[in-house]
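Sequence lines set the chain letters: A, B, ... in the order given, protein chains first and strands last, and positions in each chain run from 1.
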Protein chains: 2
Amino acid sequence: MYQIIIYMFSKACEYGIKASIFIALNSYRNVRVSLKAIAKEINSPEAFTAKILQDLVRHHVISSTKGAYGGFEIEKELISSVKLSHIVNAIDGDSIYSGCGLGLHTCDESHPCPVHHKFKSIREELKSMLENTNLEELALNIKSGASFLKM
Amino acid sequence: MYQIIIYMFSKACEYGIKASIFIALNSYRNVRVSLKAIAKEINSPEAFTAKILQDLVRHHVISSTKGAYGGFEIEKELISSVKLSHIVNAIDGDSIYSGCGLGLHTCDESHPCPVHHKFKSIREELKSMLENTNLEELALNIKSGASFLKM
DNA sequence: TTAAAATAGGATAAAATTATCCGAATTAAA
DNA sequence: TTTAATTCGGATAATTTTATCCTATTTTAA
Ligand code: FES
Ligand code: FES
């Protein structure tokens, strides 16, 4: 059984979000970061993080360069347009929010589960938050020391 | 990778909540329900549901009677005082909400992760909802056909 | 041209969650 | 008293998620 009910994100998403923030942070300084550096910074397992970064590259959330002096980056001009929802979609797929909180086949207004109306507003709020939070603001908060990527 | 990010509840919780509602519904009519009837009604795997019901019994959320004509029930007078949070606590433990959305060791106001402030309000809202929703209202909505336990 | 540093990707393993099986214990009715 | 209907609980299996390993490929610099 879980220890936390609100499984906001899968581990994969957690790592993906944190990695993206760290990459953004460095891309402002035109610095490409390696998998190794990322995993160290966000305190994540290297090989698993690699898989997630590959996903993000495939979905064009970040870009990668192979070979020596290679690594991951995000085009500076794009950082402010990358939303949390993009990252989450890339990693967990985009069938987000369509599921019923109690596992009914679909979440359907005309055939609601017992908690449908109670959860709907919360879910919408979360959704709009993800769609309106961009990497730039998150990176700036890290930079200013207002928030942290590990511990 | 998950298909739905907001893993509101574990499967165990989903089944636990739905089962509790169905039991409540029947307890109003002084009818004890069997595991078999519950699993059929909420469309859940029988043996797994049994484990969850055992948890709920141990935590005194519901009560059980062994043997022929046995089954599960909830004392009528208690139905309105059983909150969703009780069910969830019984099944997933009570370290609820203490975890950080991005997996930091603890959710700490003075050492916040990048999404801390964004998620905090949503989480609080969800918490108070769980603490303020009782089985009675959920059961009544099923009874009146306003909500459904399966499909 | 070679060596070193990286990402990419397939295969596999470990851990957690979900699900199943089976026998023991209990209870009520026949 | 026997039988059938049940919950209880331990063991185990299947599935999903998370994590690791190893090799291939790419790229840059020496
Ligand atoms: S039907 Fe369950 S959340 Fe909408
Ligand atoms: S520190 Fe991450 S949610 Fe509070």
TODO: Compare all side-chain heavy atoms of B:N134 with those of B:V82 and state whether any distance is below 4.5 angstrom.
DONE: no
Open item on the list: From NZ of B:K36 over to P of D:dA4, roughly how many Å is that when rounded to an integer?
Closed with: 14 Å
Task: Separation of D:dT16 P from A:D92 CG (nearest whole Å) - done: 15 Å
Task: Options D:dT7, D:dT20, C:dT20, nucleotide nearest the side-chain atoms of A:P45 - done: D:dT20
TODO: Would you kindly give the CD1-to-P distance between A:I91 and D:dT18, to the nearest whole Å?
DONE: 11 Å
- [ ] Rounded to the nearest angstrom, tell me the gap between atom CZ in A:F48 and atom P in D:dC22.
- [x] 19 Å
Task: Nearest to side-chain heavy atoms of B:L35, which nucleotide of D:dA19, D:dT7, C:dA19 - done: D:dT7
- [ ] Calculate the interatomic distance between A:E14 atom CD and D:dT17 atom C1'; express it in whole Å.
- [x] 13 Å
- [ ] Let me know, please, whether A:T49 or B:F72 comes out on the 5' side of the other along DNA chain D by nearest nucleotide.
- [x] B:F72
TODO: Would you please indicate yes or no on a ring centroid separation below 6.0 angstrom for A:F9 and B:F119?
DONE: yes
- [ ] Indicate whether the side chain of B:T106 and that of B:D108 have a donor and an acceptor atom separated by less than 3.5 Å.
- [x] no
Open item on the list: Check the phosphate of D:dC8 against B:S64, side-chain N and O only, distance under 4.0 Å to OP1 or OP2. Yes or no?
Closed with: yes
Task: Rounded interatomic separation in angstrom, taking CD1 from B:I52 and P from D:dG9 - done: 15 Å
Open item on the list: Can you measure A:Q54 atom CD to D:dT20 atom P for me and round it to whole angstrom units?
Closed with: 16 Å
- [ ] Considering just the side-chain nitrogens and oxygens of A:R58, establish if one lies under 4.0 Å of OP1 or OP2 belonging to C:dA8.
- [x] no
Open item on the list: Hydrogens and angles aside, do B:E131 and B:H86 bring a side-chain donor and acceptor to less than 3.5 Å of each other?
Closed with: no
TODO: Using a 4.0 Å heavy-atom cut-off, write out nucleotides 21-30 of chain C from 5' to 3' as B (base contacted by protein), S (sugar-phosphate only) or - (no contact).
DONE: B----BBSS-
- [ ] Write down the distance between CD (B:E46) and C1' (D:dG9), rounded to a whole number of angstrom.
- [x] 16 Å
Open item on the list: Testing the basics here: between B:I74 and B:S20, what is the closest heavy-atom pair and its distance to 0.1 Å?
Closed with: CD1-O, 3.9 Å
Open item on the list: Between B:K118 and A:E137 (salt bridge meaning N to carboxylate O under 4.0 Å), is one present in this structure?
Closed with: yes
Task: Exam field: side chain B:H59 to backbone B:L56, donor-acceptor pair closer than 3.5 Å - done: no
